[in-house]
A.B. asks: 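Here it is, the structure in full.
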2 protein chains.
Amino acid sequence: MQRMTRQRTALADLLDGTPDFRSAQQLHQMLKDAGQNVGLATVYRTVQAMAEAGDVDVLRIEDGEALYRRCARGHHHHLVCRECGKTVELAGEAVERWASRIAHEHDFVDVDHTAELVGTCRECATRIYGGGTGA
Amino acid sequence: MQRMTRQRTALADLLDGTPDFRSAQQLHQMLKDAGQNVGLATVYRTVQAMAEAGDVDVLRIEDGEALYRRCARGHHHHLVCRECGKTVELAGEAVERWASRIAHEHDFVDVDHTAELVGTCRECATRIYGGGTGA
DNA sequence: CATGTCATGACAATCATTCTCAACAATGAT
DNA sequence: ATCATTGTTGAGAATGATTGTCATGACATG
């Protein structure tokens, strides 16, 4: 049963102070930079345990790498800025309703769903495409 | 520009006859089994090109592995049976409307979305959990 | 403090995917 | 049909994330 070790505390604290999704490799490096040496294998084990326990959310980017982020408990989706990583948690029921309607229509049971939105937030869009004062 | 080679023909034909999502490794093995030796690197290159061209859809499973399937052109989502791989293409507008509403509400632009459903189809549910004649 | 486990970490192993680059082959011109 | 051009292939190496191994270390309790 989950002992409270220095490593787990360090990782939990780090995640508490990190608003964006990070990979296990990044978290490992961030801990090292903070002077908290934690083995890479331990970081992997810990974030996976936290994910299973529902304490962090997992996101897979295009190349298959897994990213982790401390999140509100319970089922929800995300809107992530592709430029700065800013993340908004989405709790609405619209997707849930869609999923269960589709499941029913096609006679499937135990239907899980994934739904994630990736876009560019106002700040990054302004920075990249230019401010409203353009021309 | 895109030469028609034995390898590409073989892979296209294979995908045409394969209703479920398959990994590049699986497709490579299936080609070998069919007596059509095609290099693994070529399979990867070809499915990726097809994916970019919109000729196949890509799905990432839990461990990050990429699966490919010949699909209808245009944007759509999938409902996949986790047991047998049976796949239904979903073309409705519900998710699109949800995505654009959320994007607008949070002031994001260029919002892409992914949405996939994984469940158990009627046949597999019956096989696994028992027919209606149980007890 | 002793002690029993669970946890850790250094490193090897795995595995999908990508890269390299010389040999090949599809296509168009002659 | 033959040739030249140039995209394509394939065998294997390289990459990189993730997982496995297992001896050593450290919580938490008696």
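Naming convention: chains lettered A, B, ... in sequence-line order (proteins, then strands); numbering from 1 in each chain.
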A.B. asks: Which nucleotide in the list D/dT21, C/dC6, C/dT27 gets nearest to the side chain of B/R3?
C.D. replies: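 So the side chain of B/R3 is nearest to C/dT27.
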
A.B. asks: Figure out the CE/C1' separation between B/M4 and D/dT8, and round it to whole Å.
C.D. replies: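 Atom CE in B/M4 sits about 13 Å away from atom C1' in D/dT8.
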
A.B. asks: Could you give the CG-to-P distance, from B/L40 to C/dT20, as a whole number of Å?
C.D. replies: 17 Å

A.B. asks: Nearest to the side chain of B/Q7 - C/dA16, C/dG9, D/dG10?
C.D. replies: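 Comparing C/dA16, C/dG9, D/dG10 against the side chain of B/Q7, the answer is D/dG10.
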
A.B. asks: Tell me whether the OP1 or OP2 atom of C/dA7 has a side-chain N or O from A/R8 closer than 4.0 Å.
C.D. replies: yes

A.B. asks: Look at A/Q2 and C/dA7 and indicate whether a side-chain polar atom (N or O) is within less than 4.0 Å of OP1 or OP2.
C.D. replies: yes

A.B. asks: B/L11 CG to D/dT9 C1': how many Å, rounded?
C.D. replies: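 It works out to 13 Å between those atoms.
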
A.B. asks: Go through the side-chain N and O atoms of B/T120 and B/R82 and say whether any donor and acceptor fall under 3.5 Å apart.
C.D. replies: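 Yes, B/R82 and B/T120 have a side-chain donor paired with an acceptor closer than 3.5 Å.
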
A.B. asks: D/dT19, OP1 or OP2 - any side-chain N/O from A/Y44 closer than 4.0 Å?
C.D. replies: no

A.B. asks: For B/N37, which contact category applies under a 4.0 Å heavy-atom criterion: base, sugar-phosphate, or nothing?
C.D. replies: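 Sugar-phosphate only.
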
A.B. asks: Taking 4.0 Å as the cut-off, does a side-chain nitrogen or oxygen of A/S23 come that near to OP1 or OP2 on D/dA17?
C.D. replies: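 For D/dA17, OP1/OP2 do not have a side-chain N/O of A/S23 under 4.0 Å.
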
A.B. asks: Starting at the 5' end of DNA chain D, which residue's closest nucleotide do you reach first, A/R6 or B/T46?
C.D. replies: B/T46

A.B. asks: Does a donor on one side chain and an acceptor on the other come within less than 3.5 Å for B/D55 and B/Y68?
C.D. replies: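 Short answer, no.
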
A.B. asks: Base, sugar-phosphate or nothing for A/Q48? Non-hydrogen atoms, less than 4.0 Å.
C.D. replies: sugar-phosphate

A.B. asks: When you match A/A41 and B/A41 each to their closest nucleotide on DNA chain C, which lands nearer the 5' end?
C.D. replies: A/A41

A.B. asks: Are OP1 or OP2 of C/dG9 and a side-chain N or O of A/T42 less than 4.0 angstrom apart?
C.D. replies: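 Yes, such a contact exists.
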
A.B. asks: Given that B/G64 and A/V43 both sit by DNA chain C, which one's nearest nucleotide is further toward the 5' end?
C.D. replies: A/V43

A.B. asks: Which class fits the ring pair B/H113 and B/H77: parallel under 30°, tilted 30 to 60°, perpendicular over 60°?
C.D. replies: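 B/H113 and B/H77: tilted rings.
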
A.B. asks: Provide, to the nearest angstrom, the distance between the CZ atom belonging to B/R22 and the P atom belonging to C/dA16.
C.D. replies: 15 Å

A.B. asks: Tell me the interatomic distance from B/Q25, atom CD, to C/dA16, atom C1', rounded to whole angstroms.
C.D. replies: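 From B/Q25 CD to C/dA16 C1': 6 Å.
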
A.B. asks: Does any part of the side chain of B/E96, heavy atoms only, come nearer than 4.5 Å to the side chain of B/H75, both counted from C-beta?
C.D. replies: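 Result yes, sub-4.5 Å side-chain heavy-atom pair found.
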
A.B. asks: Rounded to the Å, how far apart are B/R60 CZ and C/dA16 P?
C.D. replies: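 Whole-Å distance recorded here is 13 Å.
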
A.B. asks: Does the ring center of B/H106 lie less than 6.0 Å from the ring center of B/H104?
C.D. replies: no

A.B. asks: A/R45 side chain: which of C/dG9, D/dA11, D/dT18 is closest?
C.D. replies: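 In terms of side-chain proximity for A/R45, the closest of C/dG9, D/dA11, D/dT18 is C/dG9.
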
A.B. asks: Flag the pair B/F21 / B/H78 as yes when their ring centroid distance falls below 6.0 Å, and as no otherwise.
C.D. replies: yes

A.B. asks: Please give, in whole Å, the distance from D/dA17 P to A/H28 NE2?
C.D. replies: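 Taking atom P of D/dA17 as the reference, NE2 of A/H28 is at 12 Å.
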
A.B. asks: What integer distance in Å separates B/D63:CG from D/dT18:P?
C.D. replies: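 For the pair B/D63 CG and D/dT18 P, the rounded distance is 10 Å.
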
